[in-house]
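Heads up, the thing below is written out as structure tokens.
Computed from a predicted structure; not experimentally measured. Whatever order the structure lists them in is the order used to number ligands and atoms, beginning at 1.
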Amino acid sequence: MPDGPKVAVLRMEGTNCEEEAYLSFLRSGASPQYVHVKQVETGKVRIGDFDILFIPGGFSAGDYIRAGVIFASRLMAAAGNQVKRFVDEGRPVIGVCNGYQVLAEANLLPDLGYEERVISLSFNRSNRFECRHTYVKVMSRNRVIGDLMPAGTVFQVPVAHAEGRFTASREQVLERLQEGGQVLFTYCSPGGTDAGYPWNPNGSAMNIAGISNREGNVIGLMPHPERAYYGFQMAGAERASIYGPGKTFFDAIVRYAIRK
Ligand SMILES: NC(=O)CC[C@H](N)C(=O)O
């Protein structure tokens, strides 16, 4: 086990991407550990003891009520203050797919100061589960991934979700996210231009694939970088490379945690 930053890979019943996430962190030099939300609830494990909090994808609690809502309420009821302190101290909190839904349900995103929920990840406009490769563009400079993934970077990455359509309850939310550099990833064509369906797999407003909090250390994204760590996981010409862009993403998070 490398002596790198300690990562809590949080899971509960129905999480299904924790192994790829665990291995991605391990291969990028971190020291990951699986943490079940029950261990947080019983006080056996403290979120505050880690350097990185990662919430992986899956079908937590079977997506009952809404995807991510049960996971979010269990986490925040058990350790809301710890998680908030973690965020305030600038430590990275990363949610992928169901993990992103958890961050939105926990109101850790979009972090615009509203008491009420102003964003949601709703059912895909196609009304079906979309599971395939997409292209994503980095839209802003982010303190966690920015050194290795600067704005303008376009990369291929798979999606696999039914509830990924980013919506905001008012126009002002979208404007504020854009102005504050919080729109971190958008879906695009392979050439990096704006594109509708099928490149935007879910009908997200402004093609949004992922956002960050204002400080940039809480990141939620719908696509799965842990499924794009190696070239063999990619489609088309990208298959020829040894590593995929997922490695860059995890390398960047680990480097940020070391620098901190
Ligand atoms: N891969 C995932 O994390 C899927 C998230 C969620 N279960 C959905 O379908 O929207």
Side-chain angles (χ1 to χ4, degrees), residues 7-25 32 34-37 52-76 93-110 117 119-136 155-168 184-187 197-205 207-212 218-229 233-235 244-246 249-250 253:
V7 190
V9 178
L10 199 62
R11 62 179 173 180
M12 66 166 279
E13 295 77 1
T15 311
N16 68 10
C17 301
E18 65 266 53
E19 195 167 343
E20 296 93 323
Y22 178 99
L23 291 172
S24 297
F25 275 115
Y34 294 120
V35 176
H36 196 287
V37 73
I52 300 168
L53 173 61
F54 187 89
I55 312 179
F59 289 75
S60 58
D63 283 355
Y64 278 100
I65 307 176
R66 274 194 311 278
V69 70
I70 294 175
F71 200 168
S73 47
R74 284 184 67 180
L75 173 65
M76 296 312 273
V93 178
I94 316 291
V96 165
C97 202
N98 197 214
Y100 176 25
Q101 293 163 334
V102 171
L103 295 178
E105 291 295 338
N107 216 5
L108 293 169
L109 290 174
R117 295 274 318 284
I119 61 162
S120 74
L121 292 155
S122 305
F123 278 99
N124 297 345
R125 203 179 282 289
S126 62
N127 218 9
R128 47 174 275 203
F129 191 85
E130 297 276 351
C131 183
R132 54 192 164 78
H133 287 89
T134 59
Y135 286 86
V136 159
F155 61 97
Q156 187 195 92
V157 62
V159 292
H161 59 259
E163 297 175 48
R165 179 161 59 94
F166 184 95
T167 62
L184 186 52
F185 301 112
T186 57
Y187 299 108
Y197 191 82
W199 301 117
N200 172 344
N202 48 41
S204 283
N207 296 317
I208 290 174
I211 60 170
S212 75
V218 180
I219 296 175
L221 69 160
M222 225 43 219
H224 289 271
E226 78 285 2
R227 295 187 191 179
Y229 200 91
Q233 296 171 294
M234 314 298 288
F249 181 78
F250 285 94
I253 301 167

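Within 6.0 Å of atom OH in Y34, more than 12 heavy atoms from other residues, nucleotides or ligands are found, so the atom counts as buried in its surroundings. Under a cut-off of 6.0 angstrom, the local environment of OH in Y64 is sparse, with at most 12 non-hydrogen atoms contributed by other residues, nucleotides or ligands.
Looking at S204 and N202, their side chains do bring a donor and an acceptor atom within 3.5 Å of each other.
For R227 and F249, the positive end is not near the middle of the six-membered ring at less than 6.0 Å and at most 45° from its axis.
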Mind listing the side-chain donor-acceptor pairs of residues 99-106 below 3.5 Å, one per line with the distance, residues two or more places apart or on another chain?
from, atom 1, to, atom 2, distance (Å)
Q101, OE1, N98, ND2, 2.7
Q101, NE2, E163, O, 2.6
E105, OE1, R66, NH2, 2.8
E105, OE1, R117, NH1, 2.8
E105, OE2, R66, NE, 3.0

Could you tell me, for ligand 1, which of its N or O atoms are under 3.5 Å from any protein N or O, listing the pairs and their distances rounded to 0.1 Å?
from, atom 1, to, atom 2, distance (Å)
ligand 1, 1 (N), A160, O, 2.8
ligand 1, 1 (N), H224, NE2, 3.2
ligand 1, 3 (O), G58, N, 2.7
ligand 1, 3 (O), G58, O, 3.3
ligand 1, 3 (O), N98, N, 3.0
ligand 1, 7 (N), G58, O, 2.9
ligand 1, 7 (N), D63, OD1, 3.1
ligand 1, 7 (N), D63, OD2, 2.7
ligand 1, 9 (O), A162, N, 3.0
ligand 1, 10 (O), Q101, NE2, 3.0
ligand 1, 10 (O), A162, N, 3.1
ligand 1, 10 (O), E163, N, 2.9

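Aromatic ring pairs are classed by plane angle as parallel below 30°, tilted from 30° to 60° and perpendicular above 60°; the pair F54 and F250 is tilted.
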